[in-house]
2 protein chains.
Amino acid sequence: MTPKIIQGSKRGRGRPAVFDRSKALFEAMKLFWERGYEGTSFDDLIGAMGISASSFYNSFGSKEALYCEATRAYLDWAGQWFFAILNEPSTDARTAFALLLEATAEEFTRGDHPPGCMISLAGTHCSPGMRNIRDMMSEHRAFSESAMAARIRKGIADGDVPADTDCGMLAAYYSAVARGLAVQARDGASREKLSEIAKVAMRAWPPGKARDARR
Amino acid sequence: MTPKIIQGSKRGRGRPAVFDRSKALFEAMKLFWERGYEGTSFDDLIGAMGISASSFYNSFGSKEALYCEATRAYLDWAGQWFFAILNEPSTDARTAFALLLEATAEEFTRGDHPPGCMISLAGTHCSPGMRNIRDMMSEHRAFSESAMAARIRKGIADGDVPADTDCGMLAAYYSAVARGLAVQARDGASREKLSEIAKVAMRAWPPGKARDARR
DNA sequence: TTATTTTTGGTGTCATCGCTCCAAAAATCC
DNA sequence: GGATTTTTGGAGCGATGACACCAAAAATAA
């Protein structure tokens, strides 16, 4: 319960850090991403991170704390392309979502990291000791969904989305599609397949011309 | 490796089974469904099944073997409504898929069993010891997707689906949507929300009148 | 009742998991 | 170089996980 003091508590004197902390975190992230929280053991982690058990403890506190950090690191990383596309001011809402799904297809199938999404499929099972992590991942999913809803609302304000669109529901739909793409990627689907699915998914975009947003 | 002989090997003489095997299996299924394979412990299982460790071993062989059986039981159970709707001869393909998603929304949110789908979200993480289970679940997902593709092909043959439809891709899309609905259900989405998402998803159905199937 | 077959409780085992502690080493500032 | 501060390797620990075994009990056919 006491907030564990981690690496860098009294910097300026004494021995500095030897291993690259953010690099170790990145390795841990990839492992969690591929194997999930329960599927990744302490020994797996320190092996991949190249540090000892005590270094691990000193620097990251606990497996659960590391998982939170790794998740944050993933969000910072994936959030870059996600929000860059979502908030690009010069594209209309429909194009933004098409590009978003296209980028999703690409990012979910790159060879330099595990397939799919670290957030979409993690913490979906609920054993007693997993509630914290489950709730955390659930909140992250809700957050990205609400970001999509906000973009759709902006589309209405901009006049490029029909004014009677249910933003929350359309966001929930695209959120669900993205989760589904993650499962497909896990099952070995190619970028091309995900891309085609994305194209089909875009056919569900609200039909009809946008009405005048200025009422 | 030796195929373990389980309950009922030499029936007709001796003591008969005391506990209800299929009921115990059903309890195990619900536990696996909710908590996943790794999240469910041996003790959790025998507790929920109401049997001793040795009975467990005698009757089901191992945790992994039980998981396979529980998965089969789930497929038999969920396959009932799934295939009943998919193969109903009097509905056209589009209606079949609309009803399928509608049923999915309902089944994924019933109070009498865990939310979502036991197949959609299981075995998506790949630690070394989970490869068998991962592959098994992946195959089950591929199977349901191919069943959907077959139904769409039948729709083309019946003339109620445009002949130039890419059946495999459309099936992959609806498969992905179903997986996404499972995640949404896990995150606590209501039947109504899933139902609305399903309606949005149906807007992606191939547009245009069906061409004459008889070429 | 007896022989036969299967179930059961209880106990044990071996591995892994996630930590935890400690003494020694290393790198900085003075 | 010495003091200070932090990191590191290594050993160990309590808990849990997934079986595994066995003698005793129970229920049936004969």
Side-chain angles (χ1 to χ4, degrees), chain A residues 1-2 4-25 28 31-32 35-70 125 127-130 132-133, chain B residues 1-25 28 31-32 35-70 127-130 132-133:
Chain A
M1 268 305 152
T2 61
K4 212 64 173 114
I5 294 168
I6 59 171
Q7 203 181 44
S9 56
K10 282 184 184 175
R11 268 303 164 62
R13 236 187 300 277
R15 187 186 182 182
V18 172
F19 64 89
D20 186 335
R21 195 177 189 281
S22 63
K23 189 169 180 180
L25 182 59
L31 218 53
F32 279 133
R35 306 185 180 183
Y37 181 76
E38 294 174 292
T40 309
S41 76
F42 199 83
D43 289 350
D44 290 337
L45 286 168
I46 62 176
M49 297 165 91
I51 59 175
S52 69
S54 37
S55 296
F56 175 92
Y57 183 69
N58 285 336
S59 291
F60 299 99
S62 71
K63 186 186 172 187
E64 188 169 338
L66 174 62
Y67 188 74
C68 293
E69 265 200 82
H125 288 130
S127 30
M130 284 284 287
N132 287 343
I133 286 175
Chain B
M1 266 306 153
T2 62
K4 209 71 174 104
I5 293 168
I6 59 170
Q7 204 180 46
S9 57
K10 283 184 184 175
R11 268 301 164 62
R13 237 186 300 276
R15 186 186 182 181
V18 172
F19 64 88
D20 185 333
R21 195 177 188 283
S22 63
K23 190 170 180 179
L25 182 60
L31 219 52
F32 279 133
R35 305 184 181 184
Y37 180 76
E38 293 174 292
T40 309
S41 76
F42 199 83
D43 289 350
D44 290 338
L45 286 168
I46 62 177
M49 297 165 92
I51 60 175
S52 68
S54 35
S55 298
F56 176 91
Y57 183 69
N58 285 335
S59 292
F60 298 99
S62 71
K63 185 186 171 187
E64 188 168 338
L66 173 63
Y67 188 74
C68 293
E69 264 200 81
S127 30
M130 284 283 288
N132 287 343
I133 286 175

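Excluded from the calculations below are hydrogen atoms, water molecules and symmetry mates; all remaining heavy atoms, backbone and side chain alike, are included. Note on naming: letters A, B, ... go to the chains in the order of the sequence lines (proteins, then strands), and numbering restarts at 1 for each one.
- To the nearest angstrom, P of D/dT8 lies 11 Å from CE of A/M49.
- Between A/Y57 and C/dT20 there is a side-chain N or O to OP1 or OP2 distance below 4.0 Å.
- Atom CZ in B/F19 sits about 7 Å away from atom P in C/dT7, given to the nearest Å.
- Residue B/S52 places at least one side-chain N or O under 4.0 Å from the OP1 or OP2 atom of C/dG9.
- Using a 4.0 Å heavy-atom criterion, one finds that A/S41 contacts the sugar-phosphate atoms exclusively.
- Residue A/S55 places at least one side-chain N or O closer than 4.0 Å to OP1 or OP2 of D/dT8.
- Partners of A/S41 by side chain to side chain donor-acceptor pair (under 3.5 Å), not counting sequence neighbours, listed by chain and number: A/D44.
- Ion pairing of A/K63 with A/E38 is absent here, as no side-chain N (NZ or NE/NH1/NH2) approaches a carboxylate O to less than 4.0 Å.
- The two residues B/I46 and B/S52 make their nearest non-hydrogen contact at CG2-O, 4.1 Å.
- Separating the CZ atom of B/F60 from the C1' atom of D/dC19 is a distance of 16 Å, rounded to the nearest angstrom.
- Side-chain proximity of A/D43 to C/dC17, D/dG17, D/dA11: nearest is C/dC17.
- If you measure from atom CZ of B/F42 to atom P of D/dA20, you get 9 Å, rounded to the nearest angstrom.
- Taking the six-membered ring where the residue is Trp, A/F32 and A/Y37 present parallel rings, their angle staying beneath 30° rather than reaching 60°.
- Of all nucleotides listed (C/dC19, D/dC19, C/dG9), C/dC19 comes nearest to the side chain of A/S62.
- As a whole-Å value, the separation of A/N58 CG from C/dT20 P is 12 Å.
- Between the P atom of D/dT8 and the CD1 atom of A/I46 lies a distance of 12 Å, rounded to the nearest Å.
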